[in-house]
Amino acid sequence: VCMLRKDYDRFIECCVPELQDRYDWLTMDTTKGYVLEFGKLSKKGTTFVEATDQNRRYHSGIFLDIFPCDNAPDDEAALDRKIRKTWFWLRMAVLSQYAKPKLPPDLSKGLTILSRIGCALLHVGAKLFGFTQKRCHRNFLKHATQYNHTQTERTILYELLRTRKQIQTMEEIFPLVDLPFEDTVIPCPRQADAVLTRLFGDYMQLPAEDQRKNHAAAVLDFGEGTD
């Protein structure tokens with residue numbers, strides 16, 4: 001689920017308290033060891049641990065990701081600076097808590113070894129020089145939200161940015177349109193087909209089996225049921 005930062009903040013204020021009997025709200029502000037710049041709505045009484053994320057130090061149930069999108073500066077040089085600065089603080093937040101973070105799966109054996117050594121050294125450096133989880137989170141938000149009170153043509157999800165193709169224009173998103181999904185209706189970007197095509201090409205065609213990616217579970221416990 002994606003929403004603009006102002007709606008994300010409103011969701012935390014209004015909806016999270018209403019859901020607290022059945023769900024935990026996982027964020028950097030609420031959960032020690034959590035190092036992602038978006039929230040997870042985690043069902044109580046369940047457990048989900050990804051195979052690639054078994055060293056985490058917090059409990060997560062079966063969850064729904066809630067992503068906040070921020071205004072992207074229209075000036076390309078300013079956008080480059082924001083991408084670099086948010087990237088830095090995102091990685092430092094992880095390294096402030098974990099000496100062995102999750103690495104890209106396509107790294108060579110040599111690069112993996114060098115990355116492991118570098119991450120361990122940076123983890124020690126973060127501890128020595130006061131790069132705490134809260135400090136990294138605070139500095140990330142400072143840069144990510146700088147343009148949220150300025151009208152811009154694009155919106156960006158810094159946390160998951162891998163390519164500029166992921167940056168969407170406001171015209172591609174708004175006004176939202178209601179689309180059917182199983183037994184309900186979901187508000188979706190106005191030009192969802194154009195966005196998905198830009199990102200994935202023929203997104204209705206399954207990729208080859210060796211190119212498919214997922215969040216495989218090492219531990220999956222539905223608790224008392226599947227509802």
Side-chain angles (χ1 to χ4, degrees), residues 1-71 86-87 89-98 101-102 126 131-149 155-162 166 168 173 176 181-189 214-227:
V1 176
C2 292
M3 57 187 75
L4 296 179
R5 177 77 63 176
K6 63 182 178 65
D7 299 316
Y8 179 83
D9 291 340
R10 186 67 173 160
F11 173 82
I12 294 173
E13 178 185 353
C14 297
C15 297
V16 170
E18 294 292 326
L19 298 169
Q20 63 183 351
D21 290 341
R22 296 179 60 196
Y23 297 92
D24 292 315
W25 178 238
L26 309 181
T27 67
M28 282 203 198
D29 292 320
T30 63
T31 309
K32 185 174 178 58
Y34 186 90
V35 290
L36 302 173
E37 286 291 351
F38 57 87
K40 290 180 183 287
L41 202 59
S42 169
K43 188 175 182 181
K44 292 184 176 181
T46 66
T47 300
F48 179 81
V49 180
E50 288 186 49
T52 57
D53 197 22
Q54 298 184 60
N55 68 330
R56 69 185 186 197
R57 298 199 304 274
Y58 63 92
H59 175 81
S60 172
I62 298 170
F63 61 84
L64 178 68
D65 291 330
I66 311 289
F67 297 106
C69 295
D70 295 294
N71 287 5
T86 53
W87 184 93
W89 289 111
L90 281 167
R91 272 63 189 178
M92 289 308 301
V94 174
L95 292 169
S96 73
Q97 299 295 305
Y98 298 97
K102 186 190 309 184
F131 284 83
T132 64
Q133 179 183 15
K134 289 185 177 181
R135 177 185 176 188
C136 296
H137 176 49
R138 185 170 60 249
N139 279 283
F140 170 85
L141 287 179
K142 172 186 173 182
H143 293 290
T145 63
Q146 181 177 345
Y147 290 87
N148 284 357
H149 298 291
T155 184
I156 186 170
L157 179 55
Y158 287 107
E159 168 74 35
L160 297 186
L161 187 67
R162 301 293 181 271
Q166 293 173 280
Q168 299 179 43
I173 302 173
L176 299 175
F181 180 76
E182 296 187 349
D183 60 350
T184 189
V185 174
I186 304 293
C188 296
N214 60 32
H215 295 269
V219 180
L220 179 59
D221 181 358
F222 287 91
E224 297 179 356
T226 58
D227 293 336

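The backbone N or O of Arg162 sits less than 3.5 Å from a side-chain atom of Gln166, completing a donor-acceptor pair. Of the possible donor and acceptor atoms, one in the side chain of Glu159 sits under 3.5 Å from a partner among the backbone N and O of Glu37. Counting only distance, with no hydrogens or angles, the side chain of Asp7 and the backbone of Met3 share no donor-acceptor pair below 3.5 Å. Here the side chain of Tyr23 pairs no donor or acceptor atom with the backbone of Phe63 at under 3.5 angstrom. Thr31 places no side-chain N or O within 3.5 Å of a backbone atom of Tyr34 that could act as its donor or acceptor partner. Side-chain atoms of Ser42 come within 3.5 Å of backbone N or O of Gly61 as a donor-acceptor pair.
Residues satisfying the ring pair (Phe, Tyr, Trp, His ring centres under 6.0 Å) test with Tyr8, not counting sequence neighbours, are none. Taking Phe38 as the reference, Phe67 meet the ring pair (Phe, Tyr, Trp, His ring centres under 6.0 Å) condition, with sequence neighbours excluded. Residues forming a ring pair (Phe, Tyr, Trp, His ring centres under 6.0 Å) with Tyr158 (at least two apart in sequence, or on another chain): none. With sequence neighbours excluded, the residues forming a side chain to side chain contact (heavy atoms under 4.5 Å, CB included) with Asn71 are Tyr147, Asn148, Thr152, Met170, listed by chain and number.
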- Message: Run the side-chain contact (heavy atoms from CB on, under 4.5 Å) test on Met28 and Leu36 for me, step by step, so that the C-alpha distance in whole Å, both residues' side-chain angles and the decisive distance to 0.1 Å come before the verdict.
- Response: CA-CA 7 Å; Met28 282 203 198; Leu36 302 173; 5.9 Å; no
- Message: Checking Ile66 against Leu64 for the side-chain contact (heavy atoms from CB on, under 4.5 Å) test, could you report, in this order, the C-alpha distance in whole Å, the side-chain angles of both residues, the deciding distance, and whether it holds?
- Response: CA-CA 6 Å; Ile66 311 289; Leu64 178 68; 4.0 Å; yes
- Task: Apply side-chain contact (heavy atoms from CB on, under 4.5 Å) to Leu41 and Leu19, showing your working.
- Result: CA-CA 9 Å; Leu41 202 59; Leu19 298 169; 3.8 Å; yes
- Item | side-chain contact (heavy atoms from CB on, under 4.5 Å) between Asp29 and His137, worked out | CA-CA 9 Å; Asp29 292 320; His137 176 49; 3.5 Å; yes
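Taking NE2 of His149 as the reference point, atom CZ of Arg5 lies at 11.0 Å (rounded to 0.5 Å). Rounding to the nearest 0.5 angstrom, the gap separating the OG1 atom in Thr86 from the CG atom in Asn139 is 11.5 Å. In this structure, Arg10 CZ and Glu13 CD are separated by 4.5 Å, a value rounded to the nearest 0.5 Å.
Shortest non-hydrogen contact noted between Leu141 and Thr145 is O-OG1, 2.6 Å. Nearest heavy atoms, Thr155 versus Ile173: CG2-CD1, 3.3 Å. In plain terms, the two heavy atoms of Gly39 and Thr27 that are nearest each other are CA-CG2, 3.9 Å. Here the shortest heavy-atom pairing between Leu176 and Pro187 reads CD1-CB, 4.0 Å.
Ring pair Trp25/Phe11: centre-to-centre distance below 6.0 Å.
Side-chain contact between Leu220 and Ile62 is present, with at least one heavy-atom pair separated by less than 4.5 Å.
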Please table the atom pairs, donor to acceptor, closer than 3.5 Å between any side-chain atom in residues 89-96 and protein atoms at least two apart or in another chain.
residue	atom	partner	partner atom	Å
Ser96	OG	Ala93	O	2.6

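Sorted by first and then second residue, the side chain to side chain donor-acceptor pair (under 3.5 Å) pairs involving residues 53-63 (not counting sequence neighbours) are Arg57-Gln97.
Dense packing is recorded around NZ of Lys44, with more than 12 heavy atoms of other residues, nucleotides or ligands lying under 6.0 Å away. Environment of NZ in Lys102: crowded, with over 12 heavy atoms of neighbouring residues, nucleotides or ligands closer than 6.0 Å.
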